Amino acid sequence: MRNLNFFMMAFLVLTIFGCKKADYAAEENADSTEIAVTTTDLVEEENYIPDTNTESYAGLEENPFESPLKEPLSTFSIDVDNASYTNIRRFINEGQKVPKDAVRVEEMINFFKYKYPQPDGQHPFAINTEYSDCPWNKNSRLLKIGLQGKDVPMANLPATNLVFLVDVSGSMDEPNKLPLLKESMKILVKELRSTDRVSIVVYAGSAGVVLEPTSGEDKDDIMDAFDDLHAGGSTAGGEGIELAYKLAQENFIKGGNNRVVIATDGDFNVGASTDDDMFKLIEQKRESGVFLTVLGFGMGNYKDSKMEILADKGNGNYAYIDNIQEANRFLGKEFKGSMFAIAKDVKIQIEFNPKHVQAYRLIGYENRKLKAEDFKNDKIDAGELGSGHSVTALYEIIPAGVESDYVPSDLKYTKTQKTEGNYSDELATVKFRYKKPDSNNSIEIINTIADKKVNLENSSPDFKFSTAVSWFGLKLRESKYIANSSSSDIKKLAKSGLQNDEDGYRSEFVRLVDAVN
C-alpha cells in the first residue's frame, strides 16, 4: 500500500511539473526556449523504439517510349531536388540494397553541378543542349537539355524571411535526426545577413513559437533557440504548418524571399485529418507567395513519399541530409540555390521531329510529367529554379529507320503521315515557360535543336558524367529499358567525366558504383 501511495505521489508530482512546463510559452519572460512536453510525452519519448520497416516511398512506373506521331509533345516540370541521391548514398554506404522506388533518376542527375554557361540576356537562365550516343542501348541516342540559373551575388539577393518548422516529436530523438538537424542549422545561420529574419516554430502534439522573428546578425540567439530543442511526444504536423505559414505571412517582406523550412523525418500527420488534407493545405498556402523547403533527416521510419509531395505542392525544394557533409553542401555552399528562387513554375515542352525520331523516352521525372495543355495554363504549378541552380534532363531517342524492341507498335493510319515544311535539319523544338518569383504571368522561350550528333567519346565531360549517373539510376531501378547494366562500363564512363570535380562528389559517385554489383 505504501508503494502504491508512493507511485501515486510521484505521478502527481510529474503531472504538475509537466503542466508547469507546458505553460512556458505563455510567460513573456521565460528563460528557456526548450519545448514543453507533458507527462505522456515523456513516457512516449522514453519508450520510443523506431521501427526499421516503416520507410515509405511512392511507387514509380517508368516513362515508356512514345511515338512522336501519336504523342507529339512531351511536357514536364523541372525538378531541382536531389534528396533521392543522398538517400541512395546512405543505403549503399550502409551495405543495404536500394529500394527501387527510392530511386528518382532526375534527382540523381541533378545532385551534381555542371559547367553550363551563365545567361547573358533578359531571361534568368541559359539553355544548353547536347546530342550523342546512348551507352546502354547501342541503337539509341541521348539528348541532354540543361538549364543554368543566373548566379546572383549574395549582396544583390533580396532580404529573407525564414520560418523554420522543426519536428521535435519522439521519432526525432536519434543522433541522425534532431542532433544532426541542430548542427546543420549552424551552417545555415552563418550565411544569414542583418537584413534577414529568422523565426522558429516547433510541433510535437501541439505547436508553438520558440523564436520570434530575429535578425540574421543575432546568430547566437538563433543558435541558442535551436540548441534548446528536445524531442518527445506524438506528431501532428498540420497545426505546425498552419502556425509557420501564419508567422511567415505576418512578417512578409514585399519583394523579399519568404520561405518556410520544414525539418523532419516525415513521420507526421495532421491530427484528425489525412495526408490529402495536408497536401491541400500546402497548395493553399503557396498562394500567399511563401515558398517551401523540406529537409529530411534520419532513417528507419523515414517518409520520403510524404516529404516529396509536400515540396512539390508548396512551390518548394526537397533535400535529404544524411550527414554533416551534406548539410554543408546544401545549406552552406549551395545556400543561394537552395533558399533564393529566381524563377518559379518552370515548365519544359518538347516536340520531336518524326523525320529523325522514331520514338523517345524521358528518363526520370515520372512525378513531374504534365499534360500538354498544362504547359500554357498559368494555374498549373511547376518547379522553382534557385540562384546558380542547374537543371538537367535526358531523353533516350530511337532514330528513324532503326530496328528496336522498344519502339511502340506500328499504327495503321498515322504511320504514313509526313511532316510538312523543310525541317530536315531539326531534331526537335523545345519551349520553356517560367514566372518571375513575384509574378503570376508566364514568359515563354522557344529554341530549336539541330539534328547533329557527336560520338560519345567526343561529347563533353558533363554529358559523359550525367549519362553515367542516369545509367546507374536505371540499373538500381532494374529498368526494363537497358540492355547493358554492367557496373564496370558505368564506372568507366563516369571516370571519363571526372573533370569539374572540385569537391570530390563525382569521385564519390564512382566509389558508389564500385560498391554495387
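This is a predicted model, so every value here is computed, not measured. Along the sequence shown, residues are numbered consecutively beginning with 1.
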Taking the side chain as C-beta and beyond, is there a heavy-atom pair between [X] and [Y] under 4.5 Å?
{"X": "Arg89", "Y": "Leu512", "result": "yes"}
{"X": "Phe432", "Y": "Ile350", "result": "no"}
{"X": "Leu427", "Y": "Lys355", "result": "no"}
{"X": "Trp136", "Y": "Thr467", "result": "yes"}
{"X": "Asn315", "Y": "Leu292", "result": "no"}
{"X": "Lys150", "Y": "Ser387", "result": "no"}
{"X": "Lys144", "Y": "Ser466", "result": "yes"}
{"X": "Leu456", "Y": "Leu493", "result": "yes"}

Would you kindly say whether [X] and [Y] are connected by a side-chain donor-acceptor distance under 3.5 Å?
{"X": "Ser459", "Y": "Glu130", "answer": "no"}
{"X": "Ser140", "Y": "Glu396", "answer": "yes"}
{"X": "Asn367", "Y": "Glu308", "answer": "yes"}
{"X": "Arg90", "Y": "Asn87", "answer": "yes"}
{"X": "Tyr116", "Y": "Asp462", "answer": "no"}
{"X": "Ser132", "Y": "Arg141", "answer": "no"}

Could you pull out every donor-acceptor pair under 3.5 Å between side chains of residues 117-126 and any protein atom, sequence neighbours left out?
residue, atom, partner, partner atom, Å
Gln118, OE1, Asp151, N, 2.9
Gln118, NE2, Gly149, O, 3.4
His123, ND1, Tyr434, OH, 2.8

Can you list the steps and then say if Phe340 with Phe335 is a ring pair (Phe, Tyr, Trp, His ring centres under 6.0 Å)?
CA-CA 8 Å; Phe340 292 87; Phe335 177 76; 5.7 Å; yes

Would you check if the side chain of [X] reaches a backbone N or O of [Y] as a donor-acceptor pair within less than 3.5 Å?
{"X": "Lys435", "Y": "Ser442", "answer": "no"}
{"X": "Thr293", "Y": "Val260", "answer": "no"}
{"X": "Asp451", "Y": "His356", "answer": "no"}
{"X": "Asp167", "Y": "Ala263", "answer": "no"}
{"X": "Asn137", "Y": "Tyr481", "answer": "yes"}
{"X": "Arg361", "Y": "Glu66", "answer": "no"}
{"X": "Glu107", "Y": "Ala83", "answer": "yes"}
{"X": "Asn323", "Y": "Glu326", "answer": "yes"}
{"X": "Gln148", "Y": "Gly388", "answer": "yes"}
{"X": "Ser77", "Y": "Arg368", "answer": "no"}

Under 4.0 Å between a Lys/Arg side-chain N and an Asp/Glu carboxylate O for [X] and [Y]?
{"X": "Lys491", "Y": "Asp514", "result": "yes"}
{"X": "Glu174", "Y": "Lys177", "result": "yes"}
{"X": "Asp265", "Y": "Lys303", "result": "no"}
{"X": "Lys347", "Y": "Asp374", "result": "no"}
{"X": "Lys344", "Y": "Glu384", "result": "no"}
{"X": "Arg104", "Y": "Glu366", "result": "no"}
{"X": "Lys379", "Y": "Glu287", "result": "no"}

Criterion side chain to side chain contact (heavy atoms under 4.5 Å, CB included) on Arg433 and Asp378, from CA distance to verdict
CA-CA 9 Å; Arg433 283 177 76 87; Asp378 284 352; 3.3 Å; yes

Validation row, ring centre Tyr302 to ring centre Phe297 under 6.0 Å:
no

Is the Phe112-Phe465 ring centre distance short of 6.0 angstrom?
yes

Please determine whether side-chain hydrogen bond (donor to acceptor under 3.5 Å, both in side chains) holds for the pair Asp304 and Tyr320, giving the CA-CA distance in whole Å, both sets of side-chain angles, and the decisive distance to 0.1 Å.
CA-CA 9 Å; Asp304 172 86; Tyr320 175 72; over 6 Å; no

Working to the nearest 0.5 angstrom, can you tell me the gap between [X] [atom1] and [Y] [atom2]?
{"X": "Thr75", "Y": "Leu362", "atom1": "OG1", "atom2": "CG", "answer": "10.0 Å"}
{"X": "Ile187", "Y": "Leu331", "atom1": "CD1", "atom2": "CG", "answer": "6.5 Å"}
{"X": "Tyr395", "Y": "Leu143", "atom1": "OH", "atom2": "CG", "answer": "8.5 Å"}
{"X": "Ser485", "Y": "Phe472", "atom1": "OG", "atom2": "CZ", "answer": "11.5 Å"}

With salt bridge (charged side-chain N to carboxylate O under 4.0 Å, His left out) as the criterion, how do Arg286 and Asp381 come out once you've worked through the C-alpha distance, each side chain's angles and the decisive distance to 0.1 Å?
CA-CA 10 Å; Arg286 76 179 181 222; Asp381 180 57; 3.6 Å; yes

For [X], does the [atom1] atom have more than 12 heavy-atom neighbours from other residues, nucleotides or ligands under 6.0 Å away?
{"X": "Lys182", "atom1": "NZ", "value": "yes"}
{"X": "Glu457", "atom1": "CD", "value": "yes"}
{"X": "Asp405", "atom1": "CG", "value": "no"}
{"X": "Lys453", "atom1": "NZ", "value": "yes"}

Taking only residues two or more places apart in sequence, or in another chain, which ones meet Asn484 in a side chain to side chain donor-acceptor pair (under 3.5 Å)?
Asp489

So which heavy atom on Ser470 is nearest to which on Ile363, and how close?
OG-CG2, 3.4 Å

Is there a side chain to side chain contact (heavy atoms under 4.5 Å, CB included) between Ser507 and Leu498 once you walk through the steps?
CA-CA 7 Å; Ser507 297; Leu498 284 181; 4.3 Å; yes

Parallel under 30°, tilted from 30 to 60°, perpendicular over 60°: which one fits the rings of Phe76 and Tyr365?
tilted

Can you tell me how the ring of Phe65 sits relative to the ring of Tyr406, calling it parallel under 30°, perpendicular over 60° and tilted otherwise?
parallel

Begin with the C-alpha distance, continue with both residues' side-chain angles, and end with the deciding distance and a verdict on side chain to side chain contact (heavy atoms under 4.5 Å, CB included) for Tyr85 and Asp322.
CA-CA 10 Å; Tyr85 179 77; Asp322 59 336; over 6 Å; no

Go through it in stages, so that I can follow the logic: the residues are Leu147 and Ile78, the test is side chain to side chain contact (heavy atoms under 4.5 Å, CB included), and I'd like the CA-CA distance, side-chain angles, deciding distance and then a yes or no.
CA-CA 9 Å; Leu147 303 185; Ile78 67 161; 4.1 Å; yes

Before giving the answer on salt bridge (charged side-chain N to carboxylate O under 4.0 Å, His left out), spell out for Glu61 and Lys480 the whole-Å C-alpha distance, their side-chain angles and the decisive distance to 0.1 Å.
CA-CA 11 Å; Glu61 185 175 346; Lys480 63 183 179 181; over 6 Å; no

